[in-house]
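Lettering of chains follows the sequences in order, A, B, ..., and the numbering in each one begins at 1.
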Amino acid sequence: MRQPLLALLAKEPAHGYELKLALEQTFGQAYPSPNIGQIYVTLKRLEQDGLVRSQDVEQDSRPNKKVYELTEAGRGLLAAWVTEPIDGPRVRDEFFMKLVLAPLAGLADRMELINSQRRHYFGIMRNLMDMQAGMDRATPAARLLVEGAVLHLQADLDWLERCQEELV
Amino acid sequence: MRQDPEPCTALLRARGLVKEYKSGGGSVEAVRGVDLEVGAGEFVAIMGPSGSGKSTLLHVLGGLEPATRGEIWLRGKRADGLSPSAWAVLRRRHVGFVFQFFNLLSTMTVADNVELPALLAGATPKQARKRREELLAELGITAKADAPPSRLSGGEQQRVALARALANEPSLLLADEPTGNLDSANTNDVLRLLRRAHAGGQTILMVTHDAKVAGLADRVVNLFDGMIADDARVVPAQRLKGQRRETAIGNFLELSG
Ligand SMILES: Nc1ncnc2c1ncn2[C@@H]1O[C@H](COP(=O)(O)OP(=O)(O)OP(=O)(O)O)[C@@H](O)[C@H]1O
Ligand SMILES: [Mg+2]
């Protein structure tokens, strides 16, 4: 949540509720609406860390609202975050540990482990496909988020099949 | 055809199905004792590694190749002993088949390929044409109606094959990798059509490597070495408590859970 808020503030200063709306508009239903309380807490921490600063803006007949803007330090951290590659797929996989080790100890049958993991993945795929079916008017960002999850899941299923071929 | 002694609610049922290919001196058992039921209106995906017998199973279930042993029941009637021509009549009326490698008629236009099954089954030319126009439009290939299949890309031929199989509104659609040659935009067109056909009550048994298809299916059958390794309903996943995976899916579920 920290970096997306910094990125939105790099565009223009905003108050908490505007940031919530901007996240919703960008990512749509694929990225469930962030809790406003969580946004305020994150902004407060960012301010304590010197990454944003706030100004009270007076409003008629309402309490003042805080408008946040990025500091130099915030801009630096954001630039580093944007350009840094993110970690690739894990080599240590918890399911694989179970698959290899459990049968050795007589705890489980490999085919059963693979089947139950596969069923779970299919269930996730069902969720994603249902979501995709309701996305005719979603933003490209929202659709791509779901499509990415689908592709990752396909890869996980293909790998499960390889495990089945080699280990069962 | 004999009647089923017990009432059978399944649209398709196989019992102890075996398919053995003789080749040279030896023989290969491509299907080794499959029991399978597909209920009316059900969408079942068959998955499994290459060479596990998926195409063979589908061909035997559709009467395109004779079973070596075992029973096949279609719409409550025994079908495994039928002659090839009796099977052809049964398919014309009740089964749409999409082949892994299309099998379109190369001397006819796309439009005629799609209209032919309906005409053979007794539809009027007007009905056949209307249905063809709907299907080609849904699959985004209206512009190719007058072309011969040889002028189409693999993906386009695949969609024509699916349109042809659905032209008759068959009781059962048997499809072998109908998204196998498609890019993701075209796959989405095909999936949308399948989703709609299924919602309209179409019974579907489909071989696929594409996990997206499994996400639409009611059940997934996993074939391994010619046998069923798993046969399970697809149920929406619940978020697993206390787990967090740092992958796109993990984060995604974390956020949406
Ligand atoms: N006509 C045939 N004659 C001899 N053997 C065959 C014949 N057709 C298939 N086989 C063998 O039967 C086995 C199953 O083949 P099948 O085509 O059913 O696999 P599949 O699961 O559909 O694979 P793929 O995912 O690659 O399409 C394979 O070992 C194959 O070599
Ligand atoms: Mg095949």
Chemist: From the options B:V234, B:V220, B:D230, B:N222, select the one residue that forms a side chain to side chain contact (heavy atoms under 4.5 Å, CB included) with A:R119.
Modeler: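 One option only clears the test, and that one is B:D230.
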Chemist: Donor-acceptor pair, distance only, cut-off 3.5 Å: does the side chain of A:R126 make one with the backbone of B:V235?
Modeler: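 The answer is no, because no donor-acceptor pair under 3.5 Å joins these two groups.
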Chemist: Where do A:Q164 and B:A229 come nearest, in terms of heavy atoms and distance?
Modeler: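 Looking at all heavy atoms of both residues, the shortest contact is NE2-CB, 4.1 Å.
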Chemist: Give, as side chain, backbone, both or neither, the part of B:S184 having an atom under 4.5 angstrom from any heavy atom of chain A.
Modeler: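 When you check distances to chain A, only side chain atoms of B:S184 fall under 4.5 Å.
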Chemist: Below 4.5 Å from any heavy atom of chain A, which atoms of B:D210 appear? Answer side chain, backbone, both or neither.
Modeler: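 For B:D210, the contact with chain A is made by backbone and side chain together.
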Chemist: Only pairs of heavy atoms separated by less than 4.5 Å count here; which of A:R118, A:E147, A:R162, A:M111 has the most with chain B?
Modeler: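 Greatest number of close heavy-atom pairs with chain B: A:R118.
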Chemist: Roughly how far apart are B:F224 CZ and A:N115 CG, rounded to 0.5 Å?
Modeler: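 The distance works out to 10.5 Å.
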Chemist: List the steps, then state whether side chain to side chain contact (heavy atoms under 4.5 Å, CB included) holds for A:F122 with B:M47.
Modeler: CA-CA 12 Å; A:F122 286 148; B:M47 302 187 79; 3.6 Å; yes
Chemist: Heavy atoms only: give me the nearest B:A237-A:I124 pair and the separation to one decimal.
Modeler: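 In terms of heavy atoms, the two residues are closest at CB-N, 3.4 Å.
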Chemist: So, for B:P49 and A:E165, which heavy atoms are closest and what is the spacing to 0.1 Å?
Modeler: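 So the minimum-distance heavy-atom pair works out to CB-OE2, 3.4 Å.
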Chemist: Please state whether the side chain, the backbone, both or neither of B:A45 comes within less than 4.5 Å of a heavy atom of chain A.
Modeler: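 Answer is neither: B:A45 stays 4.5 Å or more from chain A.
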Chemist: Between A:M129 and B:R195, does the side chain to side chain contact (heavy atoms under 4.5 Å, CB included) criterion hold? Intermediate values first, please.
Modeler: CA-CA 10 Å; A:M129 295 307 288; B:R195 183 191 275 278; 3.9 Å; yes
Chemist: Within the supplied structure, the quantity of interest is the number of heavy atoms (other residues, nucleotides, ligands) at a distance under 6.0 Å from A:Q38 CD; does it exceed 12?
Modeler: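 It does: A:Q38 CD has more than 12 such atoms within range.
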Chemist: Side chain to side chain donor-acceptor pair (under 3.5 Å) with B:Y21: which residues, sequence neighbours excluded?
Modeler: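 Side chain to side chain donor-acceptor pair (under 3.5 Å) check on B:Y21 returns B:E65.
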Chemist: What part of A:E161 is in contact with chain B, defined as an atom under 4.5 angstrom from a non-hydrogen atom: side chain, backbone, both or neither?
Modeler: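 A:E161 touches chain B through side-chain heavy atoms alone.
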Chemist: Testing A:V150, A:L128, A:L153 for side chain to side chain contact (heavy atoms under 4.5 Å, CB included) with B:K212, which one passes?
Modeler: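 Going through the options one by one, the only one that passes is A:V150.
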